[in-house]
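What you see is a predicted model; the values in this text were computed from it and never measured.
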Amino acid sequence: MRYSIFSLLRQTLSSHRGWTPAWRDAAPKQGYDVVIVGGGGHGLATAYYLAKVHGITNVAVLEKSWIGSGNAGRNTTIIRSNYLLAGNNPFYEWSMKLWEGLEQDLNYNAMVSQRGVLNLYHSDAQRDAYARRGNAMLMHGVDAELLDAEGVRRMLPFIDFENGRFPVLGGLLQRRGGTARHDAVVWGYARAASDLGVDIIQNCEVTGFLREGERIVGVETSRGTIRADKVGVAVAGSTSRVARMAGLRLPIESHVLQAFVSEAIKPFIDCVVTVGAGHFYISQSDKGGLVFGGDIDGYNSYAQRGNLPTIEHVCEGGMALMPSIGRVRMLRSWGGVMDMTMDGSPIIDRTPLDGLYLNAGWCYGGFKATPASGWCFAHLLARDAPYPVARGYRLDRFASGRLIDENGQGAQPNLH
Amino acid sequence: MRIRCPFCGERDANEFAYLGDAEFKRPDPNAPDAAARFFEAVYLRDNPAGPHNELWYHTSGCRSWLRLTRDTLTHEILAVQFARGELKTGSVTAASREPG
Ligand SMILES: Cc1cc2nc3c(=O)[nH]c(=O)nc-3n(C[C@H](O)[C@H](O)[C@H](O)COP(=O)(O)OP(=O)(O)OC[C@H]3O[C@@H](n4cnc5c(N)ncnc54)[C@H](O)[C@@H]3O)c2cc1C
Ligand SMILES: [Zn+2]
């Protein structure tokens, strides 16, 4: 069913009794051309672009729980393409371009809101670093503006500019950045993929791989054996666990990242603000809640919940930046499991095993990547060659030394 | 999460800094396959879901390096000992000793 003003009016006249489910909850068949493991944003986007761009529709997405139950449903919804390095920037900009046309393409309201992403700087050195990043963005054809304190004051008059330790001296602004409704992105891709014939199979956990020699030819699941010409793994924080079933050891650690939402208040913050001093970022959802977060907790974890010191640390960052939120009550906090790579950048590549493909290592920033990740992974699965903007995301870059280390931290995942 | 330092007793995890997997072994730089072994040691991780041996540093305490066994699924700390081999006799498990 196509969504439009006319379908809405028609349904209104029949008291909204005619709406059908947005996508088919399929049962597994014996085999597929492509099986995608993981029904998060990336897995579903991959299936959609396989069907739409490459005409491969005999595809299944296997999700161990319900779709969007992982990080896709837990993130703080920020989308941006303000990256420094040449290996990253064109990829995230391609994602931004896909975001800009996503709702029309999917015929689904993903609430993409280009409200601007503003990174604040607090020292001369940090201003220089942001100027450099902004220039790199401009050279890649991405929008960027360097604001001084006055420029920031016009946008956010209520923040504490005079903080003794971390005064706000200005910021790097990407106006095309913003937010999108995370669940709607999952549902929109699921619906569009399902319409093109993709089977979305929930409560179907992959428990092993079918192997013939050095070739992967399918998966064992909690709902039986499923054969496939190609298997694409897109399981985010569970990547090491799933890869181990195929005998692979990866340059990945799983870490927990927490996020927070306050009670709803009147419109207050109309962009995304990040603080360069500690790590704190905040935006306001359309329901009015302040959505905010900070650093990962910093130790290996699969627990999907974090500890109190990080909560305290994030809230301190918020109070330092905007003391006015001090009396707003925090409503909820939660955690998700990040697949942190050794250079902080993702992997979209084949594996040493024929027939097995890997999409992983999205760290704490893979939501914004969802459209381009799906696009590039679908291209790789369909053509056995990387899509140009994802060429740097090779699995062997750690051995060859071609790292994409945006933060310059080295092989220490909890610092990326 | 609270960590029972063998020297300081039970303290908030906030006092400690995390390094990571404790099984790191520096490969022999003169071995013929040294490049491959260094790649594995520096970049590849088991990243288990379950008990994990890991190094923590008691930054805001006695400044000892500690070797913990911690369940990454529950954050439960199963064992703590000094990381330095000769101090291993000072090892304690979460159940075996009251905080000092
Ligand atoms: C608190 C938090 C805040 C974040 N904020 C942002 C942000 O503001 N901006 C941004 O760009 N990114 C953000 N991220 C990161 C982003 O959410 C992730 O990088 C991204 O969602 C990962 O891709 P995904 O959607 O496919 O993952 P997921 O939704 O986690 O999908 C993976 C799926 O695989 C399934 N799975 C696992 N194992 C198996 C198995 N054996 N068999 C079958 N299925 C399996 C899981 O159940 C899961 O549904 C944030 C993450 C968190 C946790
Ligand atoms: Zn101590």
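With a 4.5 angstrom heavy-atom cutoff, A:R244 touches chain B only via side-chain atoms. For A:R249, the parts lying near chain B are the backbone and the side chain together; criterion is any non-hydrogen pair under 4.5 Å. For A:E253, the parts lying near chain B are the backbone and the side chain together; criterion is any non-hydrogen pair under 4.5 Å. Neither the backbone nor the side chain of A:L248 has a heavy atom closer than 4.5 Å to any heavy atom of chain B. Within the 4.5 angstrom heavy-atom criterion, atoms from both the backbone and the side chain of A:I252 approach chain B.
Within a 6.0 Å radius of CH2 in A:W66, other residues, nucleotides and ligands contribute 12 heavy atoms or fewer. When the shell of 6.0 Å around CZ of A:R397 is examined, it contains more than 12 heavy atoms from other residues, nucleotides or ligands. When the shell of 6.0 Å around CZ of B:R11 is examined, it contains more than 12 heavy atoms from other residues, nucleotides or ligands. For A:R241, the CZ atom sits in a packed shell: over 12 heavy atoms of surrounding residues, nucleotides or ligands are nearer than 6.0 Å.
A:N300 and B:Y18 form a side-chain donor-acceptor contact under 3.5 Å, judged by distance and modelled atom types alone.
Listed options A:G401, A:S240, A:A243, A:G306 were ranked by heavy-atom pairs under 4.5 angstrom with chain B; first place goes to A:S240. When each of A:S238, A:P251, A:G410, A:A411 is scored by its heavy-atom pairs under 4.5 Å with chain B, the top score falls to A:P251. No other option in B:D21, B:T74, B:D12, B:D46 has as many heavy-atom pairs under 4.5 Å with chain A as B:D46.
Put simply, the side chain of B:H75 reaches to within 4.5 Å of the side chain of A:Y299, judged on heavy atoms. Considering only heavy atoms from C-beta on, B:L19 comes within 4.5 Å of A:Q412 through its side chain.
Taken to the nearest 0.5 Å, the CG atom of A:L308 stands 11.0 Å off from the CZ atom of B:R2.
The backbone N or O of B:N47 sits less than 3.5 Å from a side-chain atom of A:Y302, completing a donor-acceptor pair. Looking at B:R70, its side chain never comes within 3.5 Å of a backbone N or O of A:S301 through a donor-acceptor pair. When atom types are taken as modelled, the side chain of B:N14 and the backbone of A:P309 share no donor-acceptor pair closer than 3.5 angstrom.
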